[in-house]
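To start, the structure itself, in structure tokens.
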Amino acid sequence: MSSMPGADSREVQEKQLWDDPADKEQRLTPSKRNHAGNVSQPEKKLQEAICVLLVELCERFTFFGIVCNMILFCTVRLGYRNYQAAIVNMCFVGTSMLTPVLVGWLAECLVGRTKLVCICMFLHFLGTALLPVVAFPFEDIYIDRRHILLHTLTKKEQKIVFYFALLTASLGIGGIRAIVCPLSAYNLEDCGPKELLSFFNWFYWLINLNSAVVFVSISYIQQSVARNLGFLIPFVSILMSMITIHMVRGEMIYKPKTDSSLLTTFGVIASALKTCCVRYRYFGGGVTNWLDHAKENYGGQYSEIQVESTKSLARLFPLFAFQILYRTCIMQIPSGYYLQTMNSNLNFSGFVLPIAAMNVISIVPLLILVPILECINSCLFSSKGSGRSPTIYIVVGHLSAALSVMVAGFSEIHRKHFPQVEQTLSEEILLVSSMPCFHLAPQYVLLGVAEALVTPSCSLLSFWLVPERIRGISMHFLTLFSGAGCFMGAFFVQTAHTGTQGNWFPHLLHEGKLERFFFFLASLMMVNTLGFWTIAHRSSQKVKKL
């Protein structure tokens, strides 16, 4: 892409500018030293790695435990319409993606890291503890008569507690991801592009393996064993809190360098815009890049290094922007695809398949493709002159996502041709299509292929194509745009429902035209893919390989 720098002489100069020898001394952070000031022993490093991994797994476990059957809970328990439940789910996911950026900024500027970790642990526990209050009473288990006191909440009060619980849980999740187990804790500074791509591939592979286990286990418990008991499972955050307290006491919390911040990046952009407007209005422009107006020698208030780093980050903005609509397509799994599955025949040889367990079909391709991609990457990086840009993976992944949404539209038309049958979900009898839910598998598989190709490649480009000191900021921006994609999905659902009076995103799927919503989203994604491919093709001479 013309806006994405390649491995040319300019990039080399930037890396030389930023790779300060003093940084190598700072990489040995206090979290890796013992109380005597000496370097920690290998046993302590292993303990650090195990603690970070356990916290990561617990956090993902609680997050997916909340998300996996939220639509079923909102529609059956709280009486929401389908589009409302989908919007709530996507907004919670989006908020959980944005809060790590906010908490990371707070940790840098306003609040001490240790104090903020404790606050986030408390918020996480409070949120996950309040969810069972909303879910009471558990009709399928008997406690005693005193549980009636918890059932005196009205529908309005239940919704207030529910939203407050989701908000506090998302804030807690942000603190855990930003402070306890950020990507910078994995010491990626000295890794080359091959090692980085391998790390991101296996990192997301482990995350998806964990989510597969959660979707199968929790979704079955929530839907079949005890329909509200699944919200008790996020109490695993207690275990996570204990591990985190142990990390704090053992000085295992990673402390990143503070020579760059998200606030500085936004300040450079704001200063450049302000100075640029004034100069063009009164004096005319005299710089090659609009961000140069933020430099001190051009009337701004930021140094040469700060502005140049922001310029390298700004060249990645097209990459970030094209991920918004892609993330909207991925968010169809816990929204549109979930509703399709919920309204299909889940009976499989007498066993009612959990709805969220269908998500595993989208995870299996990723679990299979990662080892294959690792072999391909090894061959590409080992052959000089034959390497390919990760942008090719992104283009193919975007195309797969567009195809998935299109297939979902045809599946919806196909689903309506089957007669309706009664199906019991969480002790509620619903009229659903008699089409087996496995007919929806192709659309899940295509989105799984897209995730296997796009997410690690975007993380690699965001991390590698900027100077070392702002790599964390670059990953923050990627997260911001991904979170924006979740809210964009919620906006599309609300607009489609309102603009078509509920026809494009209906409450009763057999009475509406949900397929039109999918076709509309697929057409937008095709345009998005074409736009990204055009920019990537223009820069093919610069970004052939990293």
Side-chain angles (χ1 to χ4, degrees), residues 64-83 85-86 89 135 138-141 211-231 233 332-365 367 404 407-448 505-515 518:
F64 290 121
I66 296 172
V67 169
C68 68
N69 269 335
M70 188 184 294
I71 287 184
L72 182 65
F73 179 80
C74 288
T75 53
V76 174
R77 181 68 181 174
L78 298 181
Y80 281 14
R81 311 287 287 182
N82 281 340
Y83 81 96
N89 207 11
F138 304 122
E139 288 87 348
D140 42 7
I141 60 174
S211 63
V213 175
V214 173
F215 281 133
V216 172
S217 59
I218 294 185
S219 61
Y220 174 72
I221 292 174
Q222 287 178 334
Q223 182 177 318
S224 303
V225 178
R227 69 188 181 104
N228 296 315
L229 188 58
F231 278 126
I233 295 180
Q332 295 311 302
I333 291 181
S335 57
Y337 290 8
Y338 187 97
L339 291 173
Q340 278 186 300
T341 307
M342 181 177 170
N343 286 271
S344 301
N345 187 5
L346 296 168
N347 285 287
F348 180 70
S349 300
F351 173 76
V352 179
L353 186 73
I355 304 172
M358 285 290 290
N359 293 12
V360 179
I361 297 178
S362 68
I363 297 173
V364 169
L367 299 179
S404 170
V407 170
F410 289 113
S411 298
E412 181 62 16
I413 297 175
H414 176 65
R415 191 185 62 81
K416 293 179 182 178
H417 290 162
F418 288 78
Q420 289 186 318
V421 296
E422 290 186 348
Q423 181 169 262
T424 302
L425 291 176
S426 295
E427 298 185 355
E428 294 286 337
I429 299 177
L430 306 176
L431 281 176
V432 301
S433 171
S434 58
M435 184 193 79
C437 61
F438 292 109
H439 288 198
L440 303 174
Q443 63 200 55
Y444 282 94
V445 170
L446 287 170
L447 274 189
F505 214 96
H507 183 63
L508 299 176
L509 265 60
H510 62 277
E511 295 181 358
K513 301 291 183 181
L514 182 60
E515 65 273 10
F518 287 139

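In this chain, numbering begins with 1 at the start of the sequence shown. What you are looking at is a predicted structure, and each value in this text was computed from that prediction instead of being measured.
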Contacts of type salt bridge (Lys or Arg N to Asp or Glu O under 4.0 Å), residue Lys513, not counting sequence neighbours: none
Closest contact, heavy atoms only, Val407 versus Pro442: CG1-CB, 4.2 Å
By side-chain contact (heavy atoms from CB on, under 4.5 Å) - contacts of Ser433 (at least two apart): Arg415, Phe418, Met435
CG on Leu447 to OG on Ser404, rounded to 0.5 Å: 3.0 Å
Residues forming a ring-ring contact (aromatic ring centres under 6.0 Å, His included) with Tyr337, sequence neighbours excluded: Tyr444, Phe518
Listed partners of Glu511 passing side-chain contact (heavy atoms from CB on, under 4.5 Å), at least two apart: Leu508
Partner of Leu509 under side chain to side chain contact (heavy atoms under 4.5 Å, CB included), chosen from Val432, Leu431, Leu514: Leu514
Contact check, side chains of Ser411 and Gln443, non-hydrogen atoms, under 4.5 Å: yes
Atom pair CZ (Phe438) and OG1 (Thr341), whose distance is rounded to the nearest 0.5 Å: 10.5 Å
Any side-chain heavy-atom pair of Leu72 and Met342 under 4.5 Å: yes
Least distance between heavy atoms, Val360 atom then Ala212 atom: CG2-O, 3.8 Å
Partners meeting side chain to side chain donor-acceptor pair (under 3.5 Å) with Gln423 (sequence neighbours left out): none
His507: side chain to side chain donor-acceptor pair (under 3.5 Å) partners, not counting sequence neighbours: none
Atom pair CD (Gln340) and CD (Glu515), whose distance is rounded to the nearest 0.5 Å: 9.0 Å
Nearest non-hydrogen partners of Val421 and Ser434, listed with the distance: CG1-CB, 3.8 Å
Gap separating the CG atom of Leu339 from the OG1 atom of Thr75, nearest 0.5 angstrom: 8.0 Å
Residues Ser344, His439; criterion side-chain contact (heavy atoms from CB on, under 4.5 Å); working and verdict: CA-CA 9 Å; Ser344 301; His439 288 198; over 6 Å; no
Counterpart residues, side chain to side chain donor-acceptor pair (under 3.5 Å), relative to Ser335 (two or more places apart): none
Flag side-chain contact, heavy atom, 4.5 Å: Tyr338 against Ile333: no
Side chain to side chain donor-acceptor pair (under 3.5 Å) involving Gln332 - partner list, sequence neighbours excluded: none
